[in-house]
Amino acid sequence: GNSVTQMEGPVTLSEEAFLTINCTYTATGYPSLFWYVQYPGEGLQLLLKATKADDKGSNKGFEATYRKETTSFHLEKGSVQVSDSAVYFCALRMPQGGSEKLVFGKGMKLTVNP
Amino acid sequence: DTGVSQDPRHKITKRGQNVTFRCDPISEHNRLYWYRQTLGQGPEFLTYFQNEAQLEKSRLLSDRFSAERPKGSFSTLEIQRTEQGDSAMYLCASRLAGGTETQYFGPGTRLLVL
């Protein structure tokens, strides 16, 4: 079946450090790819998305590029802030066939220290 | 836009009891989703509605679980004869069909079965 694999956490970084969170997927077809973020005490929020190969999603200084050849959608940010401390989830959806379900990875907890 | 709301936010119950959760989607969103998230895992899809019709159900949704959306607005998720393994966060999301693919999540209902 379709699945998402994320790098395990938790991860602790210092402010202004570079961040990469790896995400790879397995899918029969061409998924849409998403990064969701969950800040402490809040619900899941969409961070960015990409719907086809080579698309780059970006938001709040975060970027991820849909790489079909490596089946990856790694999340990057050049300089993290304390306010980026959260749990990050990679997810996919298979629009072909009309399925609506999002398939999530396990999530990675990021803590950024000042 | 007041966001997706869920009630209650927390529920503690004894094994064998029935519980019911409510979700109010963003106004005019015709698609509504239920997910379950256990500790240390990403959300897992349970079911979704388009208006009042339940169009997709996961195998995770055992016969003790039932979801309804009678008037195509709010939805309820009932768990009968709760088991300790049902302890989880139950998330609701909504979106407008034909609009962005983004599913907007509520804050969740945390269930603890003793």
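Proteins come first, then strands; the chains are lettered A, B, ... in the order of their sequence lines, and each starts at number 1. In this text the structure is predicted, and so the values were computed from the model without any measurement.
- The cluster map of Ile, Leu, Val, Met, Phe, Trp and Tyr, joined by side-chain heavy atoms under 4.5 Å apart, puts A:Phe62 and A:Val112 in the same cluster.
- With B:Glu101 contributing its side chain and A:Ser32 its backbone, the two residues share no donor-acceptor pair below 3.5 Å.
- In this structure, the separation between CD on B:Gln103 and CG on A:Leu102 is 4.0 Å, given to the nearest 0.5 Å.
- Residues A:Leu33 and A:Leu48 share a single hydrophobic cluster, defined by chaining ILVMFWY side chains whose heavy atoms lie under 4.5 Å apart.
- The hydrophobic clustering, which links ILVMFWY residues whose side-chain heavy atoms are closer than 4.5 Å, places A:Tyr39 and A:Ile21 together.
- Going from atom CZ of B:Arg31 over to atom CD of A:Glu100 covers 4.0 Å, rounded to the nearest 0.5 Å.
- Within the model, atoms CD of A:Gln45 and OG1 of B:Thr102 stand 12.0 Å from one another, a figure rounded to the nearest 0.5 Å.
- Atom CD of B:Glu28 sits in a sparse spot, with 12 or fewer heavy atoms from other residues, nucleotides or ligands closer than 6.0 Å.
- Contact tally against chain A (heavy-atom pairs below 4.5 Å) for B:Gly40, B:Gly42, B:Pro43, B:Pro107: the top residue is B:Pro43.
- Note on B:Leu61: it clusters hydrophobically with B:Leu32, by side-chain heavy-atom contacts below 4.5 Å among ILVMFWY residues.
- Atom CZ of B:Arg15 is surrounded by 12 or fewer heavy atoms from other residues, nucleotides or ligands within 6.0 Å.
- Using a 4.5 Å cut-off between non-hydrogen atoms, the part of residues 67-98 of chain B that approaches chain A consists of B:Leu91, B:Arg95.
- One hydrophobic cluster holds both A:Met7 and A:Leu92 under the rule that ILVMFWY side chains link at heavy-atom gaps under 4.5 Å.
- More than 12 non-hydrogen atoms from other residues, nucleotides or ligands lie less than 6.0 angstrom from CD of A:Glu15.
- Around CD1 of B:Ile12, the count of heavy atoms belonging to other residues, nucleotides or ligands within 6.0 Å does not exceed 12.
- Looking at A:Gln6, there are no atoms closer than 4.5 Å to chain B (heavy atoms on both sides), in backbone or side chain.
- Minimum heavy-atom separation, A:Lys101 to B:Phe45: CB-CG, 3.2 Å.
- Of the atoms belonging to A:Ser99, heavy atoms from both backbone and side chain fall under 4.5 Å from chain B.
- Here the CG atom belonging to A:Leu46 is positioned 9.5 Å from the CZ atom belonging to B:Phe105, to the nearest 0.5 angstrom.
- In this structure, the portion of B:Gln37 lying under 4.5 Å from any heavy atom of chain A is its side chain and not its backbone.
- Applying the 6.0 Å contact sphere to CG of B:Leu114 captures more than 12 heavy atoms from other residues, nucleotides or ligands.
- Environment of CZ in B:Phe65: crowded, with over 12 heavy atoms of neighbouring residues, nucleotides or ligands closer than 6.0 Å.
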